Every structure is written in C-alpha cells, then in structure tokens.
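This is a predicted model, so every value here is computed, not measured.
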Amino acid sequence: MSTTSNPFGQVLVALVTPFTADGEVDWAGVEKHIDDVITDGADGIVVTGTTGETSTLTDPEKLRLVEVGKSVANGRAKIITGGGSNETAHAIELYKASEKAGADGVMIVTPYYNKPTQAGILTHFRMIADATDLPVILYDIPGRTGVPIRYETILRAAKHPNILAIKDAKGDFSEVSRVLNQTDLLYFSGDDANALPHLAIGASGLIGVTANIAAAPYRVIVDAVNAGDLTAATAAHMALEPLVRAVMTHVPGTVAAKYILHGLGRIASPRVRLPLVGPEDFEAAMIEDEIALVGEIPGLDLTNFRPDRNAAAGGALPKVAGTTR
C-alpha cells in the first residue's frame with residue numbers, strides 16, 4: 001500500500017445531483033443529500049462527476065455545487081470536484097475556479113471523444129495539475145472515454161507532485177498491483193462491485209455510486225480492511241451485492257440511484273437530464289426485483305421503498321444548456 005498521505009478520504013460518494021421535476025438543480029435537496037451521506041459514514045464527496053451528470057451541468061452550477069458541498073460538510077468530509085473537460089484549456093479554467101470555490105481536490109477524467117494519444121493524455125493531466133495547488137486524482141474509465149491511461153503513462157504522471165491518486169474503473173487488478181508496487185499513488189476503486197477486491201490488494205478507498213444509497217456498509221468494509229478483519233469486510237460486501245446489482249446493472253448508475261433514492265423518499269424527484277432518461281418499465285421491474293433481494297444492511301431501511309415509475313419517466317431539458325466541451 002502507498003505511503004502517501006491521503007488528503008481525499010476513504011469512503012467517497014460519487015454524488016448524484018438532485019433535480020426538480022423540470023430538471024433544475026434542487027439546491028435544498030443537494031444540501032440534504034450531502035448531509036445524509038456524510039452522516040452515513042462518507043468522508044469524501046465527489047461533486048460534478050459522471051454520477052452528478054457533469055456533462056449537462058453548467059459551469060456556474062458546478063462551482064456552486066463545490067461551494068454548497070464545502071458549506072454542508074463543514075470539515076466533516078473532503079469535497080472533490082470531478083468531471084473536467086475534453087478541452088484542456090476549459091478544464092484548466094474550471095479547476096482553477098473550483099479551487100477558489102473551496103474544493104479540497106480535483107478528479108481529472110481522461111479526455112473523452114477526442115481519443116488523444118498517450119502523450120496527449122499525459123500533457124492534459126500535467127497542464128491541469130500545474131494550474132492548481134490542489135491534490136489530483138486521475139480517473140481511468142476507458143469504457144466511457146474511449147481510451148485507457150496506459151501503465152507507462154500512469155508511471156510518468158505519478159512523478160508530478162500534485163498527482164497523488166487514481167480512480168480505477170478499468171478492472172485490471174494486475175495493473176493496480178503493479179502500479180502500487182512502482183509508485184506512491186493512492187488507488188481508489190471506481191467500480192462498486194470491486195470495492196473490496198481493490199481494497200484487499202492495497203487500494204486506499206473507493207468512489208462509489210451505490211454509496212449514495214448506503215454509505216454505512218462501505219464504511220464498515222473500509223474500517224474492517226484497515227483493521228485486518230477480512231471476514232467482517234466480506235460479510236458487508238456480500239450484503240451489498242444485490243443493491244450494487246440494482247444500481248449498476250440495468251441502467252446508468254445515476255438513473256438507478258435517483259430512482260431508488262426517490263423511492264425511499266430521500267430526494268424529491270428522480271429526474272435526470274437528457275439524453276439520460278428514467279428507467280423503462282421493464283428496467284424498473286428489474287431494479288425493483290434486485291431491491292427485493294436486499295437483506296439487512298446497516299443504515300438502510302427498505303421497508304418504505306415506494307418506487308414511482310411515472311415520476312422517473314423521460315428526461316428533462318434544463319433552461320440553460322451545460323458546457324459539453
């Protein structure tokens with residue numbers, strides 16, 4: 001395991017952004033949800049990431065999410081700004097503004113759509129890291145970006161003094177071990193189903209979607225791994241398995257998480273912004289079937305789960321378009 005000090009936390013929530021029924025940010029709902037997940041055991045919040053629907057948020061919304069997160073956390077959890085841009089110049093300005101807004105760290109996703117070479121990816125990361133004094137997490141998710149961060153690129157990026165960590169959604173465990181052996185990078189699991197396996201081979205924490213609904217069991221897993229109690233960690237991991245499947249299998253995680261949170265009465269609307277849409281009836285039925293398999297999980301009461309397929313149907317067009325480049 002890396003000896004680098006961890007400035008990000010260990011149980012990080014990839015936060016959904018609660019919207020009103022017409023697709024505007026529900027700021028009171030944002031405050032409540034952030035407080036809920038911190039109370040449930042999260043010590044880090046990633047706002048404006050993939051799960052937060054970064055592609056359809058405006059820059060002012062992104063910066064306000066950092067400000068609101070910082071205010072609500074009040075020292076109880078770190079606020080990391082996610083997302084970024086596939087335009088290096090825009091990403092630099094956004095992260096500099098996020099630092100001024102109070103972010104504790106930044107998470108830089110691999111440039112998407114452009115399909116840059118590894119040299120371009122490395123330059124993108126280095127220039128952003130040069131532009132901020134905040135600690136940086138690199139986000140490796142080739143399933144969404146179209147390109148991986150290759151091992152050799154990770155080694156070169158790790159030499160930058162501000163690049164301290166990587167969020168792995170690639171699932172190459174042999175590479176994780178190799179990088180942990182060769183660098184001081186902190187690793188964060190970016191795949192809810194693999195949180196415990198990542199931790200077991202030396203990851204420092206997780207950045208989870210399912211943690212929006214149940215952060216407490218992830219706290220149990222992390223604390224158990226820290227204490228060397230694999231039995232307790234495995235038990236919590238197994239209890240989470242059907243919930244993780246409900247959130248991460250049938251529709252995008254943002255869509256499922258909002259559907260479930262709304263069904264639990266924890267957010268006022270399950271609305272997502274187009275091109276995301278709520279689950280179709282057959283998808284909602286599969287999510288509900290998985291929820292029915294969830295047993296006892298600390299901090300989660302499913303007895304009052306009342307999903308509303310009609311409220312979740314379709315997607316919203318906000319009044320102001322987000323910045324997609």
Side-chain angles (χ1 to χ4, degrees), residues 12-38 40 42 45-73 79-85 94 98 101 103 107 109 144 207-215 246-248 250-281 283-284 287-288 305-324:
L12 278 65
V13 177
L15 199 80
V16 301
T17 306
F19 294 143
T20 62
D22 59 357
E24 300 307 309
V25 178
D26 175 4
W27 292 108
V30 169
E31 292 185 14
K32 178 183 179 299
H33 186 50
I34 291 174
D35 187 66
D36 284 348
V37 297
I38 294 174
D40 207 22
I45 308 290
V46 176
V47 297
T48 78
T50 305
T51 307
E53 299 178 68
T54 186
S55 296
T56 53
L57 293 172
T58 66
D59 282 2
E61 286 172 334
K62 292 174 184 178
L63 297 176
R64 187 174 173 190
L65 281 163
V66 172
E67 293 169 348
V68 169
K70 191 74 172 179
S71 174
V72 173
I79 303 299
I80 315 301
T81 186
S85 175
L94 183 59
S98 297
M107 187 172 75
V109 71
R144 286 185 180 271
I207 302 174
V209 181
T210 308
N212 280 280
I213 300 160
V247 174
M248 303 302 295
H250 308 296
V251 293
T254 303
V255 174
K258 283 190 168 183
Y259 185 66
I260 295 168
L261 286 166
H262 180 253
L264 292 170
R266 288 171 53 184
I267 59 175
S269 170
R271 183 67 70 224
V272 290
R273 287 179 175 175
L274 287 162
L276 293 182
V277 295
E280 296 188 65
D281 278 349
E283 294 165 332
I287 293 169
E288 292 160 19
F305 179 56
R306 300 290 185 271
D308 188 337
R309 298 183 188 182
N310 289 331
L317 280 174
K319 295 174 184 175
V320 180
T323 304
T324 56

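For A21, the side-chain contact (heavy atoms from CB on, under 4.5 Å) partners are S269, not counting sequence neighbours. A search for salt bridge (charged side-chain N to carboxylate O under 4.0 Å, His left out) contacts involving D35 returns R76, not counting sequence neighbours. In terms of the salt bridge (charged side-chain N to carboxylate O under 4.0 Å, His left out) criterion, residue partners of D36 (sequence neighbours excluded) are, by chain and number, K32. With sequence neighbours excluded, the residues satisfying salt bridge (charged side-chain N to carboxylate O under 4.0 Å, His left out) with R309 are D281, E288. D40 pairs by the side chain to side chain donor-acceptor pair (under 3.5 Å) definition with nothing, not counting sequence neighbours. Take L63 and apply the side-chain contact (heavy atoms from CB on, under 4.5 Å) test, not counting sequence neighbours, and it matches L94, A97, S98.
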Open item on the list: Apply side-chain contact (heavy atoms from CB on, under 4.5 Å) to residues V47 and V66 and explain how you reach the verdict.
Closed with: CA-CA 7 Å; V47 297; V66 172; 4.0 Å; yes
Open item on the list: What verdict does the side chain to side chain donor-acceptor pair (under 3.5 Å) test give for H33 and N212, after you've listed the backbone C-alpha separation in whole Å, the side-chain angles of each residue and the deciding distance to 0.1 Å?
Closed with: CA-CA 8 Å; H33 186 50; N212 280 280; 2.8 Å; yes
Open item on the list: R64 vs V25, test: side-chain contact (heavy atoms from CB on, under 4.5 Å). Steps then yes/no.
Closed with: CA-CA 10 Å; R64 187 174 173 190; V25 178; over 6 Å; no
Open item on the list: Set out, in order, the CA-CA distance, both residues' side-chain angles and the distance that settles side-chain contact (heavy atoms from CB on, under 4.5 Å) for V37 and L15, then state yes or no.
Closed with: CA-CA 9 Å; V37 297; L15 199 80; 4.2 Å; yes
Open item on the list: Apply side-chain contact (heavy atoms from CB on, under 4.5 Å) to residues L264 and F305 and explain how you reach the verdict.
Closed with: CA-CA 5 Å; L264 292 170; F305 179 56; 4.0 Å; yes
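Checked by atom type and distance alone, the side chain of R271 never pairs as donor or acceptor with a backbone atom of V277 at under 3.5 Å. Between the side chain of R273 and the backbone N or O of P318 there is no donor-acceptor pair closer than 3.5 Å. Using a distance-only test at 3.5 Å, with no hydrogens or angles considered, no donor-acceptor pair links the side chain of E53 to the main chain of V272. Side-chain N or O atoms of T48 include one that pairs as donor or acceptor with a backbone N or O of G82 at under 3.5 Å. Side chain of T54 to main chain of G49: no donor-acceptor pair is present (N/O by atom type, distance under 3.5 Å, no hydrogens or angles). A donor-acceptor contact shorter than 3.5 Å links the side chain of K258 to the backbone of T17.
Distance check: I79 CD1 to I38 CD1 gives 5.5 Å after rounding to the nearest 0.5 Å. Taken from CG in L65 to CH2 in W27, the straight-line distance is 4.0 Å, to the nearest 0.5 Å. With rounding to the nearest 0.5 angstrom, the CE atom of M107 is 9.0 Å from the CD1 atom of I80. The distance from the CD1 atom of I287 to the CD1 atom of I260 is 6.0 Å, given to the nearest 0.5 Å.
In terms of heavy atoms, E283 sits closest to E280 at OE1-N, 2.8 Å. Looking at every heavy atom in both residues, A42 comes nearest to A215 through N-CB, 4.2 Å. In terms of heavy-atom proximity, A211 sits nearest to V13 at CB-CG2, 3.8 Å. Smallest separation of non-hydrogen atoms from G83 and V109: O-CG1, 3.0 Å. Of all heavy-atom pairs between P279 and A312, the closest is CD-CB, 4.1 Å. Closest approach of A284 to Y259, counting heavy atoms only: CB-OH, 3.5 Å.
M248 has its side chain within reach of T210: a pair of non-hydrogen atoms, C-beta onward, lies under 4.5 Å apart.
T51 pairs with exactly one of V16, V46, V247, I207 by the side-chain contact (heavy atoms from CB on, under 4.5 Å) rule, that one being V16.
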